[in-house]
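Notes for the one structure printed next.
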Amino acid sequence: MAAAIVGLAGSFWNFPASYEHHPQAAIYAGAFAGMCSGNFIESWWLLALICVLGASFYTVTRGLFTGFGGRLGAIAFVAVAGGLVVRDFL
């Protein structure tokens, strides 16, 4: 329900037409990443790291996975998994 609310709120935000649908897709990918357990994201720095990783991975793969279903979920998974790997090694 929380991811749906975030996605719905992001769909009403007015972005310049030159950005196409990318801001809304990035918001929804972030909503997917936020659906992980609160036991995993224990601090604000880890949340910020997951946001940076997700935004970076989305930007890098923006034209790579065109037409594949589950792209935003995969981006969220990689961002959260990368954040947890960094957390465990620090």
Side-chain angles (χ1 to χ4, degrees):
M1 174 101 94
I5 292 170
V6 169
L8 183 64
S11 71
F12 289 117
W13 194 267
N14 190 15
F15 293 100
S18 62
Y19 291 161
E20 297 175 0
H21 66 279
H22 297 295
Q24 286 89 356
I27 288 169
Y28 210 63
F32 283 153
M35 288 190 323
C36 72
S37 172
N39 294 331
F40 293 133
I41 302 175
E42 302 162 341
S43 62
W44 287 104
W45 73 267
L46 183 59
L47 179 63
L49 177 66
I50 290 171
C51 292
V52 168
L53 288 174
S56 300
F57 191 62
Y58 179 83
T59 302
V60 168
T61 63
R62 186 171 53 201
L64 189 63
F65 295 127
T66 302
F68 288 96
R71 181 179 84 155
L72 298 177
I75 289 170
F77 171 76
V78 169
V80 172
L84 294 178
V85 166
V86 169
R87 178 195 72 177
D88 291 341
F89 285 112
L90 291 181

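Excluded from the calculations below are hydrogen atoms, water molecules and symmetry mates; all remaining heavy atoms, backbone and side chain alike, are included.
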CZ/F77: more than 12 non-hydrogen atoms of other groups inside 6.0 Å: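 12 or below, so no.
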Min side-chain heavy-atom separation V78-L53 under 4.5 Å: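 The answer is no, as the side chains (C-beta and beyond) never meet within the 4.5 Å cut-off.
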Measure across [X] and [Y] and return the closest heavy-atom pair with its distance rounded to 0.1 Å.
X   : Y   : value
A31 : V6  : CB-CG1, 3.9 Å
A33 : A76 : N-CB, 3.5 Å
G10 : F15 : O-CE1, 4.2 Å
Y58 : A25 : OH-CB, 3.4 Å
L46 : G83 : CD1-O, 3.3 Å
A79 : I50 : CB-O, 3.7 Å

Rounded distance (nearest 0.5 Å) linking atom CZ of F32 with atom CZ of R71: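 These two atoms lie 11.5 Å from each other.
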Value rounded to 0.5 Å, distance of CD1 in I27 from CG in L8: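 Spacing of CD1 (I27) from CG (L8) equals 11.0 Å.
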Salt bridge (Lys or Arg N to Asp or Glu O under 4.0 Å) partners of R62, counting only residues at least two apart: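 For R62, no residue satisfies salt bridge (Lys or Arg N to Asp or Glu O under 4.0 Å) once neighbours in sequence are set aside.
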V86-L47 co-clustered via ILVMFWY side chain contacts under 4.5 Å: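 V86 clusters together with L47.
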Contact list for residues 33-55, test ring-ring contact (aromatic ring centres under 6.0 Å, His included), sequence neighbours left out: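 Pairs touching residues 33-55 that pass the test: none.
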